[in-house]
Amino acid sequence: MRQWPMGWDVREAARGNGSTVAQQGHAYDYAGTKVIALESGENVRVAEIRDGWLGARLQADAAHLEPLPMAYFHGQVPG
C-alpha cells in the first residue's frame with residue numbers, strides 16, 4: 001500500500017474526507033473504456049488499455065472510475 005506523507009494509506013485518506021481515491025496500477029472502467037491508473041488520488045492520470053498495450057493518457061475524476069477484476073487479486077475486484 002502506498003504511504004502518504006502524513007502516514008495514511010489511500011483507503012484511510014478516502015474515508016477521512018468522504019472522497020473517492022483511485023489507486024496507482026489498478027484497472028478501472030472509465031466511460032466504457034478499460035484504463036489503468038498511473039497515479040493515486042482523486043483526480044488522476046489514466047492510460048487506456050488496448051489489446052494489452054497502453055494507449056492514450058487521460059485525466060479522470062476517481063469518482064467516475066469503476067474498479068475491474070484483476071489477475072493480481074485472483075480475478076477479484078480489489079477492495
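Both Val44 and Val35 sit in one connected hydrophobic cluster of ILVMFWY residues. Membership requires side-chain heavy atoms under 4.5 Å apart, directly or through other members. No continuous path of hydrophobic side-chain contacts links Ile49 to Tyr30 [ILVMFWY only; heavy atoms under 4.5 Å].
With sequence neighbours excluded, the residues forming a side chain to side chain contact (heavy atoms under 4.5 Å, CB included) with Leu38 are Ile36, Arg45, Ala47, Arg57, listed by chain and number. By the ring pair (Phe, Tyr, Trp, His ring centres under 6.0 Å) test, Tyr72 is found to be paired with no residue, residues two or more places apart in sequence or in another chain being considered. By the salt bridge (charged side-chain N to carboxylate O under 4.0 Å, His left out) test, Glu66 pairs with no residue at all, sequence neighbours left out. By the side chain to side chain contact (heavy atoms under 4.5 Å, CB included) test, Pro78 is found to be paired with His26, Met70, Phe73, residues two or more places apart in sequence or in another chain being considered. Listed by chain and residue number, Ala63, His64 satisfy the side chain to side chain contact (heavy atoms under 4.5 Å, CB included) test with Asp61 (two or more places apart in sequence, or in another chain).
Applying the 4.5 Å side-chain rule to ILVMFWY residues, one finds that Trp53 remains a lone member of its cluster.
With a 4.5 Å cut-off on side-chain heavy atoms, Asp29 and Lys34 do not count as touching.
The nearest pair of heavy atoms linking Ala22 to Tyr28 is CA-OH, 3.5 Å. Considering all non-hydrogen atoms of both residues, Val77 and Pro69 come closest at CG2-N, 3.8 Å.
At least one donor-acceptor pair closer than 3.5 Å links the side chain of Ser40 to the backbone N or O of Gln24.
Note that CD of Gln23 and CG of Leu65 are 11.5 Å apart. Values are rounded to the nearest 0.5 Å. Rounded to the nearest 0.5 Å, atoms CD (Glu48) and CG (Leu58) are 5.0 Å apart.
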